[in-house]
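Below you'll find the structure, written out as structure tokens, and then a few comments.
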Amino acid sequence: QIDDLAEVDYSLSSLPAVFQPFIDLDLKGAVFPAGNYTDTPYMAASFTIPGQSDSMLYLAFSEYFFQTSSFAYYTTGAFNKTIAEETCSYFKINTEIFSSIIPEVAKYSVTPYPVMLKLMSTEIPVISLQQDSFTAEIQGSMEVLAVLPDSTTQSLFTLNIAANTSISLNIFDQKLMGSLCLNRLQFSLAHSNVGSFEVLLLENILSYIIQTEVIPSANAKLSKGFPLP
């Protein structure tokens with residue numbers, strides 16, 4: 001078990017191949033939602049490790065391992081995150097900030113309301129494996145809600161998000177660990193209850209929140225690592 005959300009299957013996918021200088025072990029390396037061994041939409045492709053003899057053990061991961069990881073965590077909702085009003089208030093983000101860009105927001109109240117943000121992954125992240133790292137193309141949405149005095153919320157608008165990220169990999173203490181870096185972030189308007197507006201004017205604010213709140217949170221989880229066989 002990796003964590004409360006996912007499990008990994010390292011069972012042998014074929015008999016060990018024994019040669020004079022080495023032994024080849026083909027492991028399944030598939031990640032599933034915890035307690036739910038459903039089929040994934042991916043097929044594992046066979047591959048070989050380039051011939052080397054400088055170390056006692058060589059361990060290689062295929063794209064399939066990371067694709068099934070992406071599918072498992074997407075299925076369990078791990079990529080969804082709510083940024084609470086307390087966090088937004090800490091960054092001094094409220095309806096007053098948005099009303100300076102979107103005049104319709106000011107109609108809610110003369111007094112600024114706190115806001116909360118709901119981020120959701122809308123598609124399974126697309127993984128592309130590279131040497132010592134991989135990229136993940138993430139499609140999602142961000143809903144911005146005003147928190148009213150009676151603690152109910154009112155949706156202001158929802159944005160589409162397209163993010164390109166890279167994750168560098170390393171092995172430490174018998175675990176595969178990663179570090180996430182945000183390469184590119186794009187927003188577009190999906191729905192608005194406050195009229196149309198130029199999304200570009202909000203990008204700096206929203207990008208700052210993601211860089212300072214979402215990315216560190218993701219890296220904290222990645223630093224816990226995947227257990228190795």
Side-chain angles (χ1 to χ4, degrees), residues 2-3 5-11 13 24-34 36-52 57-81 119-142 159-172 174-188 190 203 206-207 209-211 213-229:
I2 300 171
D3 51 32
L5 300 177
E7 300 174 2
V8 60
D9 181 359
Y10 282 133
S11 61
S13 57
D24 268 350
L25 298 175
D26 289 333
L27 307 180
K28 189 171 184 179
V31 179
F32 301 93
N36 184 11
Y37 290 89
T38 56
D39 291 335
T40 70
Y42 306 104
M43 294 291 294
S46 61
F47 69 99
T48 57
I49 300 176
Q52 300 182 56
L57 174 67
Y58 289 92
L59 185 64
F61 294 86
S62 71
E63 207 166 66
Y64 175 77
F65 174 81
F66 299 102
Q67 288 171 333
T68 58
S69 300
S70 175
F71 174 76
Y73 282 104
Y74 171 81
T75 302
T76 57
F79 299 129
N80 303 336
K81 182 177 178 64
L119 286 85
M120 179 177 294
S121 180
T122 55
E123 297 179 16
I124 303 169
V126 178
I127 303 298
S128 299
L129 188 60
Q130 301 170 355
Q131 186 174 1
D132 298 326
S133 67
F134 65 89
T135 61
E137 297 283 348
I138 302 171
Q139 302 293 326
S141 66
M142 175 190 284
L159 302 177
N160 296 316
I161 301 175
N164 175 275
T165 65
S166 57
I167 300 178
S168 57
L169 302 169
N170 64 81
I171 294 176
F172 179 75
Q174 295 185 308
K175 292 182 178 180
L176 179 67
M177 299 183 175
S179 178
L180 177 67
C181 176
L182 180 62
N183 301 324
R184 187 178 66 252
L185 191 62
Q186 294 178 312
F187 297 95
S188 61
E203 284 195 356
L206 300 179
S207 296
I209 295 174
I210 290 176
Q211 286 279 20
E213 182 66 21
V214 179
I215 300 300
S217 175
N219 277 326
K221 293 179 181 179
L222 287 170
S223 68
K224 295 179 180 179
F226 281 60
L228 296 177

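The model shown is predicted, which means the values in this text are computed figures rather than measured ones. When a residue number appears, it is its place in the shown sequence, counting from 1.
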Do Gln130 and Thr135 have side chains that get closer than 4.5 Å, going by heavy atoms?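 Heavy-atom side-chain distance check passes, below 4.5 Å.
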Please examine the side chains of Asn160 and Phe187, heavy atoms only from C-beta on, and report whether any two atoms are closer than 4.5 Å. no
Phe61: ring pair (Phe, Tyr, Trp, His ring centres under 6.0 Å) partners, not counting sequence neighbours: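 Checked Phe61 against ring pair (Phe, Tyr, Trp, His ring centres under 6.0 Å); matches are Phe65.
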Taking ring pair (Phe, Tyr, Trp, His ring centres under 6.0 Å) as the test, write out the residues that go with Phe134, two or more places apart.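 Residues passing ring pair (Phe, Tyr, Trp, His ring centres under 6.0 Å) with Phe134: Phe66.
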Where Thr76 and Pro33 come nearest, the two heavy atoms and their spacing: CG2-CB, 3.7 Å
Do [X] side-chain atoms and [Y] backbone N/O form a donor-acceptor pair below 3.5 Å?
X      : Y      : answer
Glu137 : Val126 : no
Thr68  : Tyr64  : yes
Ser70  : Pro125 : yes

Just how far is it from atom [atom1] of [X] to atom [atom2] of [Y], taken to the nearest 0.5 Å?
X      : Y      : atom1 : atom2 : answer
Ile215 : Thr165 : CD1   : OG1   : 7.5 Å
Ser168 : Met177 : OG    : CE    : 12.5 Å
Met142 : Lys81  : CE    : NZ    : 11.5 Å
Gln67  : Thr40  : CD    : OG1   : 8.5 Å
Ile2   : Glu7   : CD1   : CD    : 8.5 Å
Asn80  : Ser141 : CG    : OG    : 8.0 Å

Please identify each residue that fulfils side-chain hydrogen bond (donor to acceptor under 3.5 Å, both in side chains) with Tyr10, with sequence neighbours left out. none
With Lys175 via salt bridge (Lys or Arg N to Asp or Glu O under 4.0 Å) - residues at least two apart: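 Partners of Lys175 by the salt bridge (Lys or Arg N to Asp or Glu O under 4.0 Å) criterion come out as none, since no residue qualifies.
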Mind checking what makes salt bridge (Lys or Arg N to Asp or Glu O under 4.0 Å) contact with Asp26, not counting sequence neighbours?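 In terms of salt bridge (Lys or Arg N to Asp or Glu O under 4.0 Å), with neighbours along the sequence ignored, Asp26 is linked to no residue.
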Any chance the rings of Phe32 and Tyr37 have centres within less than 6.0 Å?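 Aromatic pair counts; centres sit under 6.0 Å.
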Show which side-chain atoms of residues 221-229 pair as donor or acceptor with protein atoms under 3.5 Å away, not counting sequence neighbours.
unit_1, atom_1, unit_2, atom_2, d
Ser223, OG, Asn219, O, 3.4
Ser223, OG, Ala220, O, 2.7

